[in-house]
Peer 1: 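A single structure is presented below for examination.
Source: prediction; values computed, not measured. Below, read A as the first sequence line, B as the second, and so on, with proteins coming before strands; counting in each chain starts at 1.
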Amino acid sequence: MRTRFAPSPTGFLHVGAFRTALFSYLLAKRYGGDFLLRIEDTDQKRLVKGSLEHIIQSLNALGTPYDEGPDRASVAALPEAYGTVDPALLPENGGAFGPYIQSLRKARYTEVVESLLDAGKAYWAFETEEELAGKRAACDARKIPYRYDRHFRDYDLAEARKRVADGERAVVRLKMPTEGPIRTVDFLRGETLWDANTQDDFIILKADGLPPYHLAAMVDDHDMEISHVLRGEEWISSTPKHVSVFQAMGWEPPIFLHTPGVLGNDRKKLGKRNGAKPLLGPVPEFDKNYVPTGEFLIGYLNQDGILPEALFNFLSICGWSPGNDREVMTREEIIEAFDISKISPSPAIFDLEKLQWMNGVYIRSLSPSAFYEKARPYLPEGLDADYAAAAIALEQERVKELREVPEVTDFFFSELPEYSERSVAKWLKGSGAYLAELDSAIAALPEWSVAAIEAAVRSVAASHKREKGEATHPVRVALTGREVGPGLFELMAVLGKERLAVRFKKAKELADGGTDS
RNA sequence: GGCCCGUUGGUCUAGCGGUUAGGACGCCUCCCUUUCACGGAGGAAACCAGGGGUUCGAUCCCCCUACGGGCUACCA
């Protein structure tokens with residue numbers, strides 16, 4: 001069992017691609033196999049600096065690291081246009097089937113193309129791109145479907161090679177069957193028969209000397225002994241091309257499984273073409289000339305504080321289910337339950353609200369110290385660690401994304417809370433005497449515990465004939481400036497005597513002018 | 001236009017010829033409770049895209065239509 005993820009270094013890794021990578025990873029791990037990363041950079045024009053590192057970082061961040069893939073030596077061999085990759089992210093030895101970067105495998109593709117040429121299964125074609133565009137336009141004008149006219153299909157090979165040797169620009173095309181159906185099998189959707197006359201003698205070697213995807217990926221999947229090819233459903237239509245390559249070379253094709261797209265709320269595919277943002281890992285800085293367009297649904301989930309484990313879990317059940325009602329599962333449980341035949345063949349809409357809910361589930365399952373560690377990057381610098389940990393622990397069951405932590409805990413860390421006028425008017429006015437008495441009672445407490453604090457507050461409240469919200473709300477507003485938040489007595493215990501005294505003093509001033517009831 | 005793929009509540013899905021069509025998110029109500037949240041108990045929400053078949057019986061098998069998506073590049 002060997003699977004691979006084969007993205008192009010052309011920008012952000014988007015959810016759809018990410019989920020396909022996850023499925024590939026899960027399949028390999030389910031059967032104890034290997035998951036490989038291969039970089040498909042045969043279109044050098046679309047290369048975006050920094051995206052190679054982004055791809056590797058993202059895979060690591062999600063928790064789907066590759067068993068075989070780019071290593072230090074091969075990345076070092078890349079031109080500067082790829083940007084740098086943190087060596088710590090790269091293995092010393094990428095694996096026995098490398099290099100795993102297509103631009104570094106040019107010689108092997110040439111070899112395959114030459115053998116196809118020799119066998120009479122492919123041919124050189126000399127039309128320029130302009131001529132081809134002209135042929136296409138002519139068909140469009142007559143409203144007939146365009147197909148390459150196979151002008152050079154029977155052109156003399158020796159003659160063609162001479163022209164190429166003389167420096168003429170040319171491409172190599174594969175001779176597709178001219179009759180009979182071409183049969184492809186998709187693991188999820190079954191067999192489909194493609195009429196030969198809908199097929200084109202497609203290009204397998206571009207004029208720049210590199211092959212396009214249709215050839216390169218097949219050669220690599222074969223050479224790297226990939227058993228299951230999981231890829232996006234946009235590849236379904238070109239599968240007949242792919243099986244034709246395998247057939248021409250006399251190779252056994254892998255099992256193809258096309259994963260459905262992941263759509264945004266607008267039902268539009270979430271892909272790099274509409275500029276979905278990255279999911280995890282540091283936000284990459286790409287070249288200025290890389291401008292994603294369209295809807296930005298995903299946002300910077302990593303910056304928002306979505307935990308990798310939550311995303312791993314969520315993505316795994318986005319378009320797949322274990323066949324029962326289980327949704328929250330550990331990574332081990334997911335791997336054990338993973339079954340590609342239960343992948344849904346229809347596209348799914350990315351449900352951000354459900355992800356947020358699930359992230360909350362994962363945040364709540366964290367130990368207080370783990371939660372503190374995860375939340376720390378979102379907190380201001382220079383806080384007392386013990387105090388900060390105790391403070392944010394009170395919010396752990398309330399936040400769905402880590403980014404919420406600073407705004408819901410800021411009153412712990414500022415000298416005085418920000419008092420909203422509305423809250424002051426509603427709860428502080430007329431509570432001066434109550435707060436004053438509370439202040440002294442708290443200051444006089446011999447023992448500092450949540451229970452002791454609660455007892456003191458309840459006692460003072462009782463003497464003022466205050467119950468429930470009447471008793472607690474003025475205190476909450478006095479100490480935090482707001483009306484919602486963690487348990488009042490817990491929060492007071494964490495704030496401590498000194499901070500409490502300062503806040504009571506300020507609150508009494510704000511309450512001035514009113515009379516206690 | 002041509003060729004493909006898809007279609008169960010708003011969303012993600014279970015189902016694989018006989019079910020009161022199950023679960024989750026979201027929404028609503030109630031309980032717990034000092035607020036919010038968590039947790040608990042309920043509820044609204046799908047004539048299984050529509051129409052034909054096959055069958056004693058179709059969400060499930062076949063066909064057609066509609067809608068959505070993809071491909072139709074010297075991009076992947």
Peer 1: Closest approach to the side chain of A:Arg46, judged atom by atom: which nucleotide of B:C12, B:C75, B:C25 is it?
Peer 2: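 So the nucleotide nearest the side chain must be B:C75.
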
Peer 1: Nearest to the side chain of A:Glu234, which nucleotide is it out of B:G70, B:G26, B:U34?
Peer 2: B:G70

Peer 1: Could you check which nucleotide pairs with B:A45 in any of the strands shown, counting Watson-Crick or G-U wobble with both distances under 3.5 Å?
Peer 2: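 Because no pair has both required distances under 3.5 Å, B:A45 counts as unpaired.
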
Peer 1: Do the side-chain N or O atoms of A:Lys342 get closer than 4.0 angstrom to the phosphate oxygens (OP1, OP2) of B:G15?
Peer 2: yes

Peer 1: Please list all pairs meeting salt bridge (Lys or Arg N to Asp or Glu O under 4.0 Å) that have one or both residues in residues 353-364 of chain A, counting only residues at least two apart or in different chains.
Peer 2: A:Glu327-A:Lys354

Peer 1: Which nucleotide, B:G23, B:G15, B:C71, lies nearest any side-chain atom of A:Lys354?
Peer 2: B:G23

Peer 1: Report the C-alpha separation of A:Ser244 and A:Leu174 in whole Å, then their side-chain angles, then the decisive distance to 0.1 Å, and conclude whether the side chain to side chain contact (heavy atoms under 4.5 Å, CB included) test is met.
Peer 2: CA-CA 9 Å; A:Ser244 297; A:Leu174 187 74; 4.0 Å; yes

Peer 1: For atom P, what is the distance between B:A21 and B:A49, given to the nearest Å?
Peer 2: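 Nearest-Å result for B:A21 against B:A49 at atom P: 15 Å.
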
Peer 1: Report which part of the nucleic acid A:Glu127 touches: base, sugar-phosphate, or nothing (heavy-atom distance under 4.0 Å, all strands).
Peer 2: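 It contacts base atoms.
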
Peer 1: Mind checking the C1' distance from B:U35 to B:A46? Whole angstroms is fine.
Peer 2: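 Those two atoms are separated by 38 Å.
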
Peer 1: The side chain of A:Arg458 is closest to which nucleotide in this list: B:U34, B:A37, B:C25?
Peer 2: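 Selected nucleotide (nearest to the side chain): B:U34.
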
Peer 1: Quick one: sort the A:His242 and A:His214 rings into parallel, tilted or perpendicular, breaks at 30° and 60°.
Peer 2: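 It falls in the tilted class, 30° to 60°.
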
Peer 1: Reckon A:Ala348 touches a base, only the sugar-phosphate, or nothing at all at heavy-atom distances under 4.0 Å?
Peer 2: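 Sugar-phosphate only.
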
Peer 1: Sugar-phosphate atoms are those with a prime plus P, OP1 and OP2; base atoms are the rest. Using that split, label each nucleotide of nucleotides 1-7 of chain B B, S or - for protein heavy atoms under 4.0 Å, 5' to 3'.
Peer 2: B-SSSSS

Peer 1: Whole angstrom is fine here: how far is it from CH2 in A:Trp357 over to P in B:C27?
Peer 2: 13 Å

Peer 1: I need the full list of side-chain hydrogen bond (donor to acceptor under 3.5 Å, both in side chains) pairs touching residues 313-324 of chain A, with sequence neighbours left out, sorted by first then second residue.
Peer 2: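 Every pair satisfying side-chain hydrogen bond (donor to acceptor under 3.5 Å, both in side chains) with a residue in residues 313-324 of chain A: A:Asn313-A:Tyr362.
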
Peer 1: So, is A:Lys400 close to the B:A37 phosphate, meaning a side-chain N or O under 4.0 Å from OP1 or OP2?
Peer 2: no

Peer 1: Taking only the side-chain heavy atoms of A:Arg476 (C-beta and beyond), determine which of B:C36, B:U35, B:C12 contains the nearest atom.
Peer 2: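 Looking only at heavy atoms from C-beta outward on A:Arg476, the closest nucleotide is B:U35.
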
Peer 1: For B:U33, take OP1 and OP2 only and decide whether either is under 4.0 Å from a side-chain N or O of A:Lys468.
Peer 2: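 No, no such contact exists.
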
Peer 1: Can a salt bridge be assigned to the pair A:Glu404 and A:Lys400 using a cut-off of 4.0 Å between side-chain N and carboxylate O?
Peer 2: no

Peer 1: Grab the CD1-P distance between A:Ile204 and B:A73 for me, whole Å please.
Peer 2: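 Atom-to-atom, A:Ile204 to B:A73, this comes out as 17 Å.
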
Peer 1: Once side-chain contact (heavy atoms from CB on, under 4.5 Å) is applied, do any residues pair with A:Glu129, and if so which ones, sequence neighbours excluded?
Peer 2: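 Here no residue qualifies.
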
Peer 1: What's the CZ-P distance between A:Phe202 and B:C71, to the nearest Å?
Peer 2: 17 Å

Peer 1: Please state how far atom CG in A:Asp351 lies from atom P in B:C12, giving the value in whole angstrom units.
Peer 2: 8 Å

Peer 1: Would you mind telling me which of B:U34, B:C36, B:C12 lies closest to the side-chain atoms of A:Phe489?
Peer 2: B:U34

Peer 1: Which atom pairs, donor and acceptor, lie under 3.5 Å between side-chain atoms of residues 133-140 of chain A and protein residues at least two apart or in another chain?
Peer 2:
residue: A:Lys135; atom: NZ; partner: A:Glu127; partner atom: OE2; Å: 3.2
residue: A:Lys135; atom: NZ; partner: A:Asp149; partner atom: OD1; Å: 3.2
residue: A:Lys135; atom: NZ; partner: A:Asp149; partner atom: OD2; Å: 2.7

Peer 1: I'd like the C1' distance from B:G22 over to B:U34, given in whole Å.
Peer 2: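 The answer is 39 Å between these two C1' atoms.
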
Peer 1: Can you tell me which nucleotide in B:C36, B:G39, B:A76 comes closest to the side chain of A:Arg364?
Peer 2: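 In terms of side-chain proximity for A:Arg364, the closest of B:C36, B:G39, B:A76 is B:G39.
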
Peer 1: Rounding to an integer number of Å, can you tell me how far A:Trp320 CH2 sits from B:A14 C1'?
Peer 2: 13 Å

Peer 1: Quick one: look up who B:G68 pairs with, Watson-Crick or G-U, both distances under 3.5 Å, and put none if it's unpaired.
Peer 2: B:C5

Peer 1: If we take the P atom in both B:U8 and B:U59, what is their distance in whole Å?
Peer 2: 15 Å

Peer 1: Would you please name every residue forming a side-chain hydrogen bond (donor to acceptor under 3.5 Å, both in side chains) with A:Asp186, sequence neighbours left out?
Peer 2: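 A:Asp186: side-chain hydrogen bond (donor to acceptor under 3.5 Å, both in side chains) contacts with A:Arg189, A:His258.
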
Peer 1: For nucleotides B:A14 and B:G9, find the distance between their C1' atoms and express it as a whole number of Å.
Peer 2: 14 Å

Peer 1: What is the distance from CG of A:Asp186 to P of B:G70, rounded to the nearest Å?
Peer 2: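 Checked: the CG to P distance equals 17 Å.
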
Peer 1: Could you check whether A:Arg108 pairs with A:Asp220 (Lys NZ or Arg NE/NH1/NH2 to Asp/Glu carboxylate O, under 4.0 Å)?
Peer 2: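 Judged by the 4.0 Å cut-off on N to carboxylate O distance, A:Arg108 and A:Asp220 do not form a salt bridge.
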
Peer 1: So, is A:Arg398 close to the B:C38 phosphate, meaning a side-chain N or O under 4.0 Å from OP1 or OP2?
Peer 2: no

Peer 1: Applying a 4.0 Å non-hydrogen cut-off, can you work out what A:Pro260 is touching in the nucleic acid: base, sugar-phosphate, or nothing?
Peer 2: nothing

Peer 1: Considering only side-chain heavy atoms of A:Asp325, which listed nucleotide, B:U13, B:C25, B:G23, is closest?
Peer 2: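 Of B:U13, B:C25, B:G23, B:G23 is nearest to the side chain of A:Asp325.
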
Peer 1: Let me know the distance between NE2 of A:His242 and P of B:A76, rounded to the nearest Å.
Peer 2: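 Result: 11 Å.
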
Peer 1: When the distance from CG of A:Asp201 to P of B:A73 is rounded to whole Å, what number comes out?
Peer 2: 14 Å

Peer 1: RNA chain B: A:Ala6 or A:Val361, which has the more 5' nearest nucleotide?
Peer 2: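 Closer to the 5' end of RNA chain B: A:Val361.
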
Peer 1: Using heavy atoms to find the nearest nucleotide of RNA chain B for A:Glu397 and A:Asp41 separately, return the residue whose nucleotide is more 5′.
Peer 2: A:Glu397

Peer 1: Within 45 degrees of the ring normal and closer than 6.0 Å to the centroid, is that where the cationic atom of A:Arg163 sits relative to A:Phe126?
Peer 2: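 Yes, a cation-pi geometry holds between A:Arg163 and A:Phe126.
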
Peer 1: Can you check the distance between B:C31 and B:A37, where both ends of the measurement are the C1' atom (answer in whole Å)?
Peer 2: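 Comparing C1' positions in B:C31 and B:A37 gives a spacing of 15 Å.
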
Peer 1: Taking the ring of A:Phe202 and the ring of A:Tyr148, is the distance between their centroids below 6.0 Å?
Peer 2: no

Peer 1: Base, sugar-phosphate, or nothing: which does A:Glu40 touch, judged by heavy atoms less than 4.0 Å apart?
Peer 2: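 The residue A:Glu40 makes sugar-phosphate contact but no base contact.
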
Peer 1: For B:A24, give the paired nucleotide (Watson-Crick: N1-N3 plus N6-O4 or O6-N4; G-U: N1-O2 and O6-N3; both under 3.5 Å), or none.
Peer 2: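 By the stated definition (distances under 3.5 Å), B:U11 pairs with B:A24.
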
Peer 1: Could you measure between the two C1' atoms, the one in B:U19 and the one in B:G1, and give it in whole Å?
Peer 2: 45 Å

Peer 1: Among the candidates B:A76, B:G26, B:A37, find the nucleotide nearest to the side-chain atoms of A:His214.
Peer 2: B:A76

Peer 1: Assign A:Gly323 to base, sugar-phosphate, or nothing according to its heavy-atom contacts below 4.0 angstrom with the strands shown.
Peer 2: sugar-phosphate

Peer 1: What is the pairing partner of B:C30, taking Watson-Crick or G-U wobble pairs with both distances under 3.5 Å in any strand?
Peer 2: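 B:G40 is the nucleotide pairing with B:C30.
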
Peer 1: Ignoring the backbone of A:Pro212, work out which of B:G22, B:C12, B:C75 is nearest its side chain.
Peer 2: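 Nearest to the side chain of A:Pro212 among the choices is B:C75.
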
Peer 1: Using Watson-Crick or G-U wobble geometry with both distances under 3.5 Å, which nucleotide pairs with B:C61?
Peer 2: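 When the pairing criteria are applied, B:G53 turns out to be the nucleotide that pairs with B:C61.
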
Peer 1: Using both distances under 3.5 Å as the test, list the Watson-Crick or G-U wobble partner of B:C16, or none.
Peer 2: none

Peer 1: Which part of the nucleic acid does A:Glu483 contact within heavy-atom distance under 4.0 Å: base, sugar-phosphate only, or nothing?
Peer 2: base

Peer 1: Provide the distance between the two P atoms, one in B:G2 and one in B:G10, to the nearest whole Å.
Peer 2: 32 Å

Peer 1: Within the supplied structure, the quantity of interest is the number of heavy atoms (other residues, nucleotides, ligands) at a distance under 6.0 Å from A:Glu467 CD; does it exceed 12?
Peer 2: no

